[in-house]
Protein chains: 2
Amino acid sequence: MRSTSGEPDGRSADDRTTRARIRDAAIARFAREGIAATSVRAVAADAGVAPSHVVHYFRSKAGLRAACDEHVAALLRELQDEAVDAGLQLDPLAGARRTLSGTPVLAYLARTLVEPSPESDALVDQLVADSVRYVKGLEAAGLVRASDHERMRAVLLTFWSLGSLALHRQLERLTGVDMTDPEAHPEALADYAGATLELFGPGLLTPALAQRLQHLFAVPPDGGTAGPHPTGEPT
Amino acid sequence: MRSTSGEPDGRSADDRTTRARIRDAAIARFAREGIAATSVRAVAADAGVAPSHVVHYFRSKAGLRAACDEHVAALLRELQDEAVDAGLQLDPLAGARRTLSGTPVLAYLARTLVEPSPESDALVDQLVADSVRYVKGLEAAGLVRASDHERMRAVLLTFWSLGSLALHRQLERLTGVDMTDPEAHPEALADYAGATLELFGPGLLTPALAQRLQHLFAVPPDGGTAGPHPTGEPT
DNA sequence: CTAATGCTTGAACACTCGTTCAAACGCTGT
DNA sequence: ACAGCGTTTGAACGAGTGTTCAAGCATTAG
């Protein structure tokens, strides 16, 4: 595990081999068991490294956590830029959800949202700022209605996404939809997306778009597999 | 667990003096700092009791946590029944939010939602079941529209409330509204309620009700204190 | 007054945690 | 071959954890 060689990792510039391995192991463990409940030793073991080594790279457990937050923030910023460049999505996190599918990143996000730290606050600030900008773009494109509460609406939509993420375990338990990896159970998605559209559609979407989406979901009310699930809806 | 003596506490039948004091101290601490991050010793100190005493009453820390979950569940069940009896609210949790204002119970709920346990799963199940029943009632009363996804819609509304609760720290940071105690900053509520109504109103409410609520919020878009904030809206 | 019963305690145990530190390892340049 | 240097390690420390246990305290019953 040496120089800038192998491993098709290389997210951003400062990523080094071992350091990145430790960081990713930390993200996975933190995501699975929570940050406070995860020990430095466990992370070290997952990364195949001595415990002392993780604090050699990150000054402390708090430092490790900060590094994870910043890494995830960078990842999401990158994906958000992509999403803006490429076609439109109704959910600023939709792109992230797709490319991060099967990855512990979103589950980590759910954890860090809920265990306060300066870095996670910054992360949320960034997501909200992105969302405000994003929704403004959708409005300009004639996809969502104008609003008397533009900023607040964007904040609420962000928190709808983040809240679903924070409670994803319960949400999956009760609906079968895993916000961390929605494609995992496609059959549950139809009902979920249908209800979401029904709930948010009239208040959020332009009548034209609402109608267009509406009959993509011409599906037996509580029925089985049917229906495509286009990228849409806040979360 | 013996004597049926004093202290005007008596929530439900099994509550005894010291035991209840410990349980309430635990709820407060758990709410403030998280469950995993709270030590039995800290709870004991808050309750003015020796650490060994809390495990004498509850068999373990897990037992204590379970007792807290069950207590909160009972509390919410009770409040839900009241809410159904008394006038209608749009949010099944609205009644709870009002009577539990200034209490750590809702903040505790936010924590327990996010640190899994069998008891907290049961609590969520209960809340969702209540919500399904509740929304069905609202529909029958002609306050909310019919839905093709009745159950899913109720689930989503519940998770809208619970998500806001789970992220209440961030929500307050960014909007000034504290879901744990909304009356604390009434000036922020107007914008929040307005945006919520704008977002959910058309999709959820009956046109008549939507319109009626609408001009309760005839308020300068991002302006200051104005406007009443009737009990309404999902959260 | 004595005995008993349940509430309450302090000290202790076994364990895990985050963190420190000096020593070994492996590679690079000379 | 040697020296140098960043990487990596194992052992250890001190603090804090949940939990156990036998002994004290108070109140009530006989």
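Labels below follow one simple rule: chain letters A, B, ... track the order of the sequence lines, proteins then strands, and each chain is numbered from 1. What you see is a predicted model, and the numbers here were worked out from it, not measured in a lab.
- Between Ser52(B) and the phosphate of dT20(D), there is no side-chain N or O to OP1/OP2 separation shorter than 4.0 Å.
- If you measure from atom NZ of Lys61(A) to atom C1' of dT16(C), you get 12 Å, rounded to the nearest angstrom.
- Taking 4.0 angstrom as the limit, Tyr57(B) places none of its side-chain polar atoms (N or O) nearer than this to OP1 or OP2 of dC7(C).
- Looking at Arg173(B) and Asp125(A), a side-chain N of the basic residue comes within less than 4.0 Å of a carboxylate O on the acidic one, giving a salt bridge.
- Atom CD1 of Ile35(B) and atom C1' of dG18(D) are 16 Å apart (whole Å).
- Under the 30°/60° scheme for interplanar angles, the aromatic rings of Tyr57(A) and His53(A) are found to stand perpendicular.
- Taking atom CZ on Arg59(A) and atom C1' on dC21(C), their separation rounds to 17 Å, with Å as the unit.
- Rounded to whole Å, the distance from NE2 on His56(B) to C1' on dC25(D) is 14 Å.
- Between dT8(C) and His53(B), a contact under 4.0 Å exists linking OP1 or OP2 to a side-chain N or O.
- Looking at Asp24(A) and Arg21(A), no side-chain N of the basic residue comes within less than 4.0 Å of a carboxylate O on the acidic one, giving no salt bridge.
- Residues Asp178(A) and Arg169(A) are not paired through a salt bridge, judged by the lack of any N-O separation under 4.0 Å between the basic side chain and the carboxylate.
- Ser39(B) comes within 4.0 angstrom of the backbone, heavy atoms only, and of no base.
- Regarding Arg65(B), its CZ atom lies at a distance of 18 Å from the C1' atom of dT17(D), rounded to whole Å.
- Residue whose closest nucleotide on DNA chain D sits further toward the 5' end, between Arg41(A) and Ala50(A): Ala50(A).
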